[in-house]
Amino acid sequence: MNLIDFVLTVIAVTASGALAPGPLTFALLMHGSKEGARSGFLFAIGHTLVEFPLVLALAFGMLAATSQPFVKSLIGILGGAGLVAFGAFQIFKTATRGSSNQTPRRRSLPAGSLMLGLALTGLNPYFILWWLTIGSVLIMQALAFGALLGVILMYISHVWMDYAFLTGLAHFARKGVKIFGSKYYRGSLIAVGIILICYGIMFVLAAF
């Protein structure tokens with residue numbers, strides 16, 4: 001795999017985590033409607049403070065394990081199956097969900113944007129599961145591509161999307177522009193779901 005293919009793979013798979021709405025994005029909508037892009041950037045920093053150490057810990061733990069063909073195959077199968085399952089679920093959920101763009105109504109979120117980004121990342125079980133399954137395949141490929149330097153390159157290729165999406169989302173929330181529920185956003189989620197299924201099948205086939 002060359003550099004361009006590696007980066008494009010990371011970006012395509014990253015979209016499954018960055019674009020899918022969850023507790024962090026809904027909390028951001030409420031903060032962003034008042035504070036704008038600055039809030040989104042601080043959310044992204046808080047997210048990174050949890051995510052980057054987790055990625056490094058997984059990478060160090062996998063350095064020796066990925067030298068075993070069985071372990072590499074198992075990670076590929078589990079990660080690929082996770083991609084297929086998540087992609088199919090994302091398509092189904094997006095296609096059957098109404099076009100409502102309502103945000104959960106809460107009176108206040110007293111914590112600051114940075115602390116909320118940190119807390120809603122670390123306490124999100126889906127986030128941990130994503131890195132233990134789908135993300136592990138990216139880490140394994142990064143180690144094969146360039147050891148720990150490959151992992152850093154992978155993370156940079158991954159995390160910029162979090163900053164772009166969260167900062168942009170907060171900016172549009174401040175301007176009163178509705179994103180969730182729009183046909184363009186829903187179409188993007190369905191397209192990402194299809195891409196995830198294709199990558200998942202590729203990862204599973206490569207494992208064999």
Side-chain angles (χ1 to χ4, degrees), residues 7-8 10-60 86 90 93-94 97 100-136 138-139 142 148-182 184-186 188-189 192 196:
V7 171
L8 289 178
V10 174
I11 291 174
V13 176
T14 290
S16 69
L19 300 183
L24 188 145
T25 49
F26 286 121
L28 173 62
L29 285 176
M30 286 177 274
H31 265 249
S33 64
K34 298 178 180 179
E35 301 177 15
R38 175 180 176 275
S39 176
F41 189 77
L42 290 174
F43 263 77
I45 291 176
H47 177 77
T48 303
L49 290 176
V50 176
E51 185 176 58
F52 188 53
L54 173 64
V55 170
L56 288 180
L58 288 173
F60 279 111
F86 184 83
Q90 184 159 288
K93 182 176 67 174
T94 304
R97 184 174 55 195
S100 173
N101 199 22
Q102 296 296 321
T103 323
R105 294 184 178 180
R106 299 176 185 175
R107 292 187 178 181
S108 64
L109 284 171
S113 297
L114 178 64
M115 292 304 299
L116 272 174
L118 194 152
L120 292 176
T121 298
L123 299 176
N124 184 357
Y126 165 74
F127 163 79
I128 304 297
L129 181 63
W130 192 93
W131 276 108
L132 289 177
T133 55
I134 298 170
S136 291
L138 295 181
I139 295 174
L148 290 178
L149 286 178
V151 173
I152 293 174
L153 173 62
M154 180 276 293
Y155 190 73
I156 293 172
S157 303
H158 162 87
V159 77
W160 75 267
M161 189 175 292
D162 289 328
Y163 278 84
F165 181 67
L166 294 175
T167 302
L169 184 62
H171 170 74
F172 287 123
R174 175 68 174 171
K175 297 295 184 181
V177 178
K178 296 181 177 180
I179 296 178
F180 295 113
S182 70
Y184 301 107
Y185 177 73
R186 295 173 69 198
S188 298
L189 287 181
V192 168
L196 291 184

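Note that the numbering runs from 1 along the sequence shown for the chain.
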Sub-4.5 Å side-chain heavy-atom contact between [X] and [Y]:
{"X": "Leu58", "Y": "Leu132", "answer": "yes"}
{"X": "Val55", "Y": "Leu138", "answer": "no"}
{"X": "Phe127", "Y": "Leu120", "answer": "no"}
{"X": "Phe43", "Y": "Asp162", "answer": "no"}
{"X": "Leu153", "Y": "Leu149", "answer": "no"}

* ring-ring contact (aromatic ring centres under 6.0 Å, His included) involving Phe52 - partner list, sequence neighbours excluded -> Tyr155
* **Qualifying salt bridge (Lys or Arg N to Asp or Glu O under 4.0 Å) pairs with a residue from residues 114-128, counting only residues at least two apart or across chains** => none
* Asked: Residues two or more places apart in sequence or in another chain: which of them pass salt bridge (charged side-chain N to carboxylate O under 4.0 Å, His left out) with Glu51?
  -> none
In a table with atom names and distances, give each donor-acceptor pair under 3.5 Å that connects a side chain of residues 168-176 to protein atoms at least two apart or in another chain.
unit_1 : atom_1 : unit_2 : atom_2 : d
Arg174 : NH1    : Ser33  : O      : 3.4
Arg174 : NH1    : Lys34  : O      : 2.9

So, for [X] and [Y], which heavy atoms are closest and what is the spacing to 0.1 Å?
{"X": "Ser39", "Y": "Leu28", "value": "OG-CD1, 3.8 Å"}
{"X": "Ala142", "Y": "Met154", "value": "CB-CB, 3.7 Å"}
{"X": "Ala59", "Y": "Val151", "value": "CB-CG2, 3.9 Å"}
{"X": "Ser157", "Y": "Ile11", "value": "O-CG1, 3.8 Å"}

* To do: Measure the spacing between CG of Leu148 and CG of Leu56 and express it to the nearest 0.5 Å.
  => 7.5 Å
* Only counting residues at least two apart or in another chain, list the ones meeting side chain to side chain donor-acceptor pair (under 3.5 Å) with Thr48. => Tyr163
* With Thr121, which residues qualify under side chain to side chain donor-acceptor pair (under 3.5 Å), at least two apart? -> His47
* Go through the structure and list residues passing side chain to side chain contact (heavy atoms under 4.5 Å, CB included) with Leu118, not counting sequence neighbours. => Leu49, Val50
* Structure fact -> side chain to side chain contact (heavy atoms under 4.5 Å, CB included) filter on Leu8, not counting sequence neighbours, yields Ile4
* Check: Trp131 main-chain N/O paired with Ser136 side-chain donor or acceptor under 3.5 Å -> yes
